[in-house]
Colleague: 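Next up is a structure, given as structure tokens.
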Amino acid sequence: MDDPKTVMKKEPRKSLFILLAAGLFTLIIGIVVMLGPGSGETDMGGNAGWVMILIGTGCIIGYVLARRQKPK
């Protein structure tokens, strides 16, 4: 069985890594949706791209803010 102190020290890093990966993935997909070739005038694709970019940026900002906090 793992030592609880070791698990508690490593777990936040894994969670933050997942947050960063999800933010980058969402940001990249949002940019692809915005710049990807569409079939004519579709505002829905552009709006979905902006929403994904905002969510990805929010995840990355959350990651940076969480990394700046000092563990107690």
Side-chain angles (χ1 to χ4, degrees):
M1 187 168 160
D2 292 334
D3 182 28
K5 290 181 182 178
T6 306
V7 172
M8 287 301 293
K9 287 180 183 177
K10 291 183 180 179
E11 184 60 32
R13 291 183 181 220
K14 290 179 186 176
S15 299
L16 288 177
F17 178 72
I18 292 171
L19 180 65
L20 178 65
L24 290 174
F25 179 76
T26 305
L27 188 66
I28 290 169
I29 296 298
I31 291 171
V32 168
V33 167
M34 288 289 295
L35 299 177
S39 57
E41 290 289 322
T42 57
D43 289 334
M44 191 170 90
N47 292 337
W50 280 114
V51 169
M52 292 182 78
I53 290 171
L54 289 174
I55 291 172
T57 305
C59 288
I60 293 171
I61 289 171
Y63 169 79
V64 169
L65 292 176
R67 289 293 290 183
R68 288 184 146 195
Q69 292 181 354
K70 295 186 179 189
K72 295 180 181 181

Colleague: Would Ile31 end up clustered with Met34 when hydrophobic side chains under 4.5 Å apart are linked, directly or stepwise?
Modeller: yes

Colleague: Any heavy-atom pair between the side chains of Asn47 and Val51 that's under 4.5 Å?
Modeller: no

Colleague: Please give me the minimum heavy-atom distance between Gly23 and Cys59, naming the atom from each residue.
Modeller: CA-CB, 3.5 Å

Colleague: Do Ile53 and Leu35 sit in the same hydrophobic cluster, where Ile, Leu, Val, Met, Phe, Trp and Tyr count as joined when their side-chain heavy atoms come under 4.5 Å apart?
Modeller: yes

Colleague: Going from CE on Met52 to CZ on Phe25, what distance comes out if it is rounded to the nearest 0.5 angstrom?
Modeller: 7.0 Å

Colleague: Please enumerate all residues that pass side chain to side chain contact (heavy atoms under 4.5 Å, CB included) together with Ile18, with sequence neighbours excluded.
Modeller: none

Colleague: Nearest 0.5 angstrom please: Leu27 CG to Ile55 CD1, how far?
Modeller: 11.0 Å

Colleague: Report the distance from atom CG of Leu24 to atom CG of Leu19, rounding to the nearest 0.5 Å.
Modeller: 9.5 Å

Colleague: Supply the atom-to-atom distance Leu20 CG to Tyr63 OH, rounded to the nearest 0.5 angstrom.
Modeller: 5.0 Å

